[in-house]
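A quick write-up on the structure given underneath.
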Amino acid sequence: QKEVEQNSGPLSVPEGAIASLNCTYSDRGSQSFFWYRQYSGKSPELIMFIYSNGDKEDGRFTAQLNKASQYVSLLIRDSQPSDSATYLCAVNDYKLSFGAGTTVTVRA
Amino acid sequence: SAVISQKPSRDICQRGTSLTIQCQVDSQVTMMFWYRQQPGQSLTLIATANQGSEATYESGFVIDKFPISRPNLTFSTLTVSNMSPEDSSIYLCSVDLQAARGPGGYTFGSGTRLTVV
């Protein structure tokens, strides 16, 4: 499987702050990228996908992709306690390869 | 989005026995995927199941240990055979909706939490 690396956590941010999650991938030919959120004891839930270089915004979430640097990130603006979860970066080459995940805790 | 039903949701099994996990999707999909998530770890792909052909296994996973069936475009099973405590994990099925409905990513079933004693 392709290598997908995420910044080590856990990441603790105060409520209302921006949480920044980073991910790098090894295969320069990878085309599509996903961010999943996984609450404890639950299955992963897709929150963002991105295919093109640049930024993609969806509500409080922004995904950023830089294929030249093989880097994808997720920003969570105005973080809420309900955002506390593990965030998984995944690279899709006809099957998903996941990073180890970053656990985010939003402090009220 | 598609509904994926996975069962059982959890089980406690004796070592040396086998457990079959079922995954039912409410729409036809070409590929179904089986993942394992060991405690505190990320997801690892076990195999890809296509209807009408043998499943494709990832490195480190073999058919004798994890036989898979894919009898039609909405259903698949994964069997964990001759279980040992090291098989205690969450097993998840997943489908790719992209081909059928446009960009949508992969959807996961609710998972099967397996404990082997």
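Lettering of chains follows the sequences in order, A, B, ..., and the numbering in each one begins at 1.
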Neighbour count above 12 (heavy atom, 6.0 Å) for B/Arg15 CZ: no
To the nearest 0.5 Å, what is the distance between OG on A/Ser43 and OH on B/Tyr35? 13.0 Å
Same cluster for A/Leu75 and A/Phe33 if Ile/Leu/Val/Met/Phe/Trp/Tyr side chains link at under 4.5 Å? no
A/Gln38 portion near chain B, given a 4.5 angstrom heavy-atom threshold: side chain
Let me know if B/Gln37 has heavy atoms under 4.5 Å from chain A in its side chain, its backbone, both or neither. side chain
Chain B shares the most heavy-atom pairs under 4.5 Å, among A/Pro44, A/Ala90, A/Gly101, with A/Pro44
Are B/Leu73 and B/Met31 joined in one hydrophobic group, where the rule is that I, L, V, M, F, W and Y side chains link up if heavy atoms are under 4.5 Å apart? no
Taking atom CD as the centre, does A/Gln80 end up with more than 12 heavy-atom neighbours from other residues, nucleotides or ligands that are less than 6.0 angstrom away? yes
Quick one: what part of B/Phe108 sits under 4.5 Å from any heavy atom of chain A, side chain, backbone, both or neither? both
Taking every heavy atom of B/Tyr106 against every heavy atom of A/Asn92, the minimum-distance pair comes out as OH-OD1, 3.0 Å
In this structure, are over 12 heavy atoms from other groups packed under 6.0 Å from A/Lys42 atom NZ? no
Same apolar cluster: B/Trp34 and B/Tyr57, side chain cutoff 4.5 Å: yes
Roughly how far, to the nearest 0.5 Å, is CG of B/Leu45 from CG of A/Leu96? 8.5 Å
